[in-house]
Amino acid sequence: FLNLGGYDTGMRLYGGEEMEIGFRTWQCGGDIELVPCSNVFHVFRSATFWQNSASGTIAYQVPFADITRNKLRAAAVWMDEYAKLVQIAS
């Protein structure tokens, strides 16, 4: 992950980063493997963590426009002429 440069600093908040890192890994010579017996988990922070923040008590509150922007950015960077299809679908 860090050898590929980490997260794209042009992304806003959360949303779309999984697509971007997947495209980057694939197009920069890395491997993406399907491992049927693997388990992947996400540990969510409790609502208490988010109190007194811009999110209130909602974990990972991200405006839909930012998620759409991030996905369009990933498409524009990595999908060449196919990025237009993502624009149409958005």
If you measure from CD on Gln87 to CE on Met79, what distance do you get to the nearest 0.5 Å? 10.5 Å
Linked, directly or transitively: Val86 and Phe23 (ILVMFWY side chains, under 4.5 Å): yes
Taking Glu17 for its side chain and Gly15 for its backbone only, find out whether a donor-acceptor pair lies under 3.5 Å. yes
Looking only at heavy atoms, what is the nearest atom pair of Arg24 and Asp8, with distance? NH2-N, 3.6 Å
Locate the shortest heavy-atom distance separating Ala75 from Ala83; write the atom from each residue and the value. O-CB, 3.4 Å
Nearest heavy-atom contact between Tyr14 and Asn70 is O-ND2, 3.7 Å
Would Ile21 and Tyr7 show up in the same hydrophobic cluster when neighbours are defined by side-chain heavy atoms closer than 4.5 Å? yes
So, for Thr25 and Asp31, which heavy atoms are closest and what is the spacing to 0.1 Å? CG2-O, 3.7 Å
Joint hydrophobic cluster, Leu4 plus Met11, side-chain heavy atoms closer than 4.5 Å: no
Kindly give the heavy-atom pair with the smallest separation between Ala74 and Glu20, and that separation in Å. CB-CB, 3.9 Å
Count I, L, V, M, F, W, Y as connected when their side-chain heavy atoms are under 4.5 Å apart, and connections chain through other members. Are Leu72 and Ile67 then in the same cluster? no
Using a 6.0 Å cut-off, check whether atom OH of Tyr82 has over 12 heavy atoms from anything other than its own residue. no
Are Ile32 and Trp78 grouped together when hydrophobic residues (ILVMFWY) are joined by side-chain heavy atoms under 4.5 angstrom apart? yes
Minimum heavy-atom separation for Thr68 and Ser90, please, with both atom names. CG2-CB, 4.1 Å
